[in-house]
K.L.:
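Just dropping this structure here.
Keep in mind that this is a model prediction, so the values were computed, not measured.
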Amino acid sequence: MERTRLVGGLLRYVGDVGLAEDLAQDALVAALEQWPADGVPRNPGAWLMTVARRRAVDLVRRDRVLADKYALVAPTLQSTSSGPDEEALDGDGIDDDVLRLVFVACHPVLPPAARVALALRLLGGLTTAEIARAYGQPETTVAQRISRAKKTIAQAGAPFEVPTGDDRAARLPSVLEVVYLVFNEGYTATAGDDWARPELCFEALRLARVLAALLPDEPEVLGLQALLELQSSRLDARVGPDGAPVLLADQDRRRWDRLLIRRGLDALARAEARGGRGPYVLQAAIAACHARAFSVDETDWTRIAALYAELVALVPSPVVELNRAVAVARAVGPQEGLDVVDALAATGTLDAYHLLPSVRADLLVRLGRVDEARGELVRAAGMTANLRERDLLLRRWHDLDGTAAPADET
């Protein structure tokens, strides 16, 4: 997340998202070149910022096209021209810059889809391919969207600040969505060798806490904080010693972080006391049902199913409906859950979503339809880009009858 903080800090001085990204990249390259020989400085963040700011001055001086920006940038940065000085910048303000960066990316001059894509790129450090996978869209479409968004922000001259009043209210839903999606990418990575990316979860949680301190009476902000606190409490238990995924039913709940659970339940109580029944409050209430239970069997699945029904009525979503199916299967029975899944599958909205065949396989096993379940697991494994999740699905396939996985699936 150092790159994100660096971009956020630089944006205050250069006023251009693309330029801030380039300067941050230059500073990180300089660190790779110099630190192995000179040693890591006492304050790496300050070193990086100082190098990047000095680079900004050099660019302005050399490029006459940027002459109109020199008057704005150079007076602030002149003091850095003598070389990286760790005392020149202590880095304490960079964290706040990240929140400002999210609000800038969610400027109302951008259409909603562009806001979220740009913010995920800047805040989460997600690649264009990862963002495209998260939304089921072509990578070229997302790349063009991000490029246009940067240009639009630059042309609008958006101030680098956390807005107030109606402007803040207009951007807040997009900001909350970005923080939520960054957390989700950290909780279950869409691709790669790791099941989770905890650093993204922690950054999203930190931002949710900052937002809750900024807007302590906003139920959905409190609901988001509660949700991320409760979900974060499970992180250590979700990954085995070898890095393999550990599903909810198999997790050692003694490893769940009780402090985070208390913080999450407290934030949820404050949200509900303010009348909150929005999407984040409802999701936090679902997470609270898990947090309060000592095992899967002791979980209040009837309440979870009811909360999912309320959520899907408020924000219609095939993914939420799939989650409701899991809760219905636990609360009522696997056939009732499978009926919900099959009705959802018939719509075709989740044809590219690997968890649909994965959930269906689990329900088929519980109904004794093992051969069908095996086919669903192979299909799910072929659809996921996360190698850890793919291995888990193939192990489940193997465990159904003890045979080896097919050669083209290993």
K.L.:
Distance-only, no hydrogens or angles: does the Thr384 side chain make a donor-acceptor pair with backbone N or O of Ala380 under 3.5 Å?
P.N.:
no

K.L.:
Taking only residues two or more places apart in sequence or in another chain, which ones pass side-chain contact (heavy atoms from CB on, under 4.5 Å) with Pro219?
P.N.:
Arg274

K.L.:
Are any non-hydrogen side-chain atoms of Glu376 and Asp362 less than 4.5 angstrom apart?
P.N.:
no

K.L.:
Out of curiosity, Leu118 CG to Ile153 CD1, how far, rounded to the nearest 0.5 Å?
P.N.:
6.5 Å

K.L.:
Is it true that Arg209 and Glu229 make a salt bridge, defined as a side-chain N closer than 4.0 Å to a carboxylate O?
P.N.:
yes

K.L.:
If you round to the nearest 0.5 Å, how far is CZ of Arg292 from CG of Leu265?
P.N.:
5.0 Å

K.L.:
Mark yes or no for whether Asp236, through its side chain, and Arg255, through its backbone, hold a donor-acceptor pair below 3.5 Å.
P.N.:
no

K.L.:
In Å, rounded to the nearest 0.5 Å, how long is the span from CG of Leu307 to CZ of Arg324?
P.N.:
12.5 Å

K.L.:
Between Leu268 and Leu222, is a side-chain contact (heavy atoms from CB on, under 4.5 Å) present by the stated rule, with each step listed?
P.N.:
CA-CA 7 Å; Leu268 176 60; Leu222 294 171; over 6 Å; no

K.L.:
Specify the closest pair of heavy atoms between Met383 and Ala352, including all atoms of both residues, with the distance to one decimal.
P.N.:
CE-C, 3.3 Å

K.L.:
Does Gln251 reach the main-chain N or O of Val246 with its side chain, forming a donor-acceptor pair under 3.5 Å?
P.N.:
yes

K.L.:
May I have the step-by-step check of side-chain contact (heavy atoms from CB on, under 4.5 Å) for Arg330 and Val296, ending in yes or no?
P.N.:
CA-CA 9 Å; Arg330 289 282 185 178; Val296 169; 3.5 Å; yes

K.L.:
Should Thr127 and Glu139 be marked as a side-chain contact (heavy atoms from CB on, under 4.5 Å) after you check the CA-CA gap, both sets of side-chain angles, and the distance that decides it?
P.N.:
CA-CA 10 Å; Thr127 66; Glu139 187 174 344; over 6 Å; no

K.L.:
Donor-acceptor check, side chain of Thr50 to backbone of Ala46, threshold 3.5 angstrom: yes or no?
P.N.:
yes

K.L.:
For Arg258 and Ser233, test the side chains for any donor-to-acceptor distance below 3.5 angstrom and give the result as yes or no.
P.N.:
no

K.L.:
Drop me the distance from Asp257's CG to Arg262's CZ, to the nearest 0.5 angstrom.
P.N.:
8.5 Å

K.L.:
Using a strict threshold of under 4.0 Å (side-chain N to carboxylate O), is an ion pair present between Arg395 and Asp391?
P.N.:
no

K.L.:
Looking at residues at least two apart in the chain, or sitting in another chain, which of them share a salt bridge (charged side-chain N to carboxylate O under 4.0 Å, His left out) with Asp252?
P.N.:
Arg254

K.L.:
With side chains defined as the heavy atoms from C-beta onward, is the minimum distance between Arg277 and Leu314 less than 4.5 Å?
P.N.:
no

K.L.:
Pair Ile131, Glu185 - check side-chain contact (heavy atoms from CB on, under 4.5 Å), show working.
P.N.:
CA-CA 9 Å; Ile131 298 170; Glu185 177 61 28; over 6 Å; no

K.L.:
Tell me, do Leu392 and Leu247 make a side-chain contact under 4.5 Å, heavy atoms counted?
P.N.:
yes

K.L.:
Any donor-acceptor pair under 3.5 Å linking the side chain of Ser358 with the backbone of His354?
P.N.:
no

K.L.:
Which atom names give the shortest non-hydrogen contact between Val178 and Val116, and what distance separates them?
P.N.:
CG2-CA, 3.9 Å

K.L.:
With a 4.5 Å heavy-atom cut-off, do Arg121 and Val142 have their side chains touching?
P.N.:
no

K.L.:
Are Arg197 and Phe202 in a cation-pi contact, defined as NZ or CZ under 6.0 Å from the six-membered ring centre and within 45° of the axis?
P.N.:
no

K.L.:
Does anything in residues 147-156 form a side-chain hydrogen bond (donor to acceptor under 3.5 Å, both in side chains)? List the pairs, not counting sequence neighbours.
P.N.:
Glu21-Lys150

K.L.:
Under the rule for salt bridge (charged side-chain N to carboxylate O under 4.0 Å, His left out), what residues qualify as partners of Arg388, not counting sequence neighbours?
P.N.:
none

K.L.:
Quick one, Gln137 and Arg145 - any side-chain contact, counting heavy atoms below 4.5 Å?
P.N.:
yes

K.L.:
If we ignore hydrogens and angles and just use 3.5 Å, is the side chain of Arg238 paired with the main-chain N or O of Tyr187 as donor and acceptor?
P.N.:
yes

K.L.:
Which atom names give the shortest non-hydrogen contact between Pro108 and Arg115, and what distance separates them?
P.N.:
CA-NH2, 3.5 Å

K.L.:
Any side-chain heavy atom of Val341 sitting closer than 4.5 Å to one from Val326?
P.N.:
no

K.L.:
If I take atom SG from residue Cys289 and atom CD1 from residue Ile304, how far apart are they, to the nearest 0.5 angstrom?
P.N.:
4.5 Å

K.L.:
ring-ring contact (aromatic ring centres under 6.0 Å, His included): which pairs involve residues 280-311, sequence neighbours left out?
P.N.:
Tyr180-Tyr280, His290-Trp301

K.L.:
Indicate yes or no for a side-chain donor-acceptor contact from Asn386 to the backbone of Asp194 under 3.5 Å, with no hydrogens or angles considered.
P.N.:
yes

K.L.:
Is a donor on one side and an acceptor on the other found under 3.5 Å between the side chain of Arg171 and the backbone of His107?
P.N.:
no

K.L.:
Which heavy atom of Leu205 sits nearest to which heavy atom of Ser232, and what is that distance?
P.N.:
CD2-OG, 3.8 Å

K.L.:
Test of understanding: with ring-ring contact (aromatic ring centres under 6.0 Å, His included), list the residues that count as partners of Tyr353, not counting sequence neighbours.
P.N.:
none

K.L.:
If you measure from the Lys or Arg side-chain nitrogens to the Asp or Glu carboxylate oxygens, is any gap between Asp342 and Arg360 under 4.0 Å?
P.N.:
yes

K.L.:
Can you name the nearest heavy-atom pair linking Ala343 to Thr347, along with the distance?
P.N.:
O-CG2, 3.4 Å

K.L.:
Considering non-hydrogen atoms only, spot the tightest contact between Pro279 and Leu311 and give its length.
P.N.:
CA-CD1, 3.7 Å

K.L.:
From Leu181 CG over to Leu200 CG, what is the distance, rounded to the nearest 0.5 angstrom?
P.N.:
11.5 Å

K.L.:
Decide yes or no for Leu248 and Arg234: does some side-chain heavy atom of the first lie under 4.5 Å from some side-chain heavy atom of the second?
P.N.:
yes

K.L.:
Would a 4.5 Å heavy-atom cut-off, applied to side chains only, mark Pro316 and Glu321 as touching?
P.N.:
no

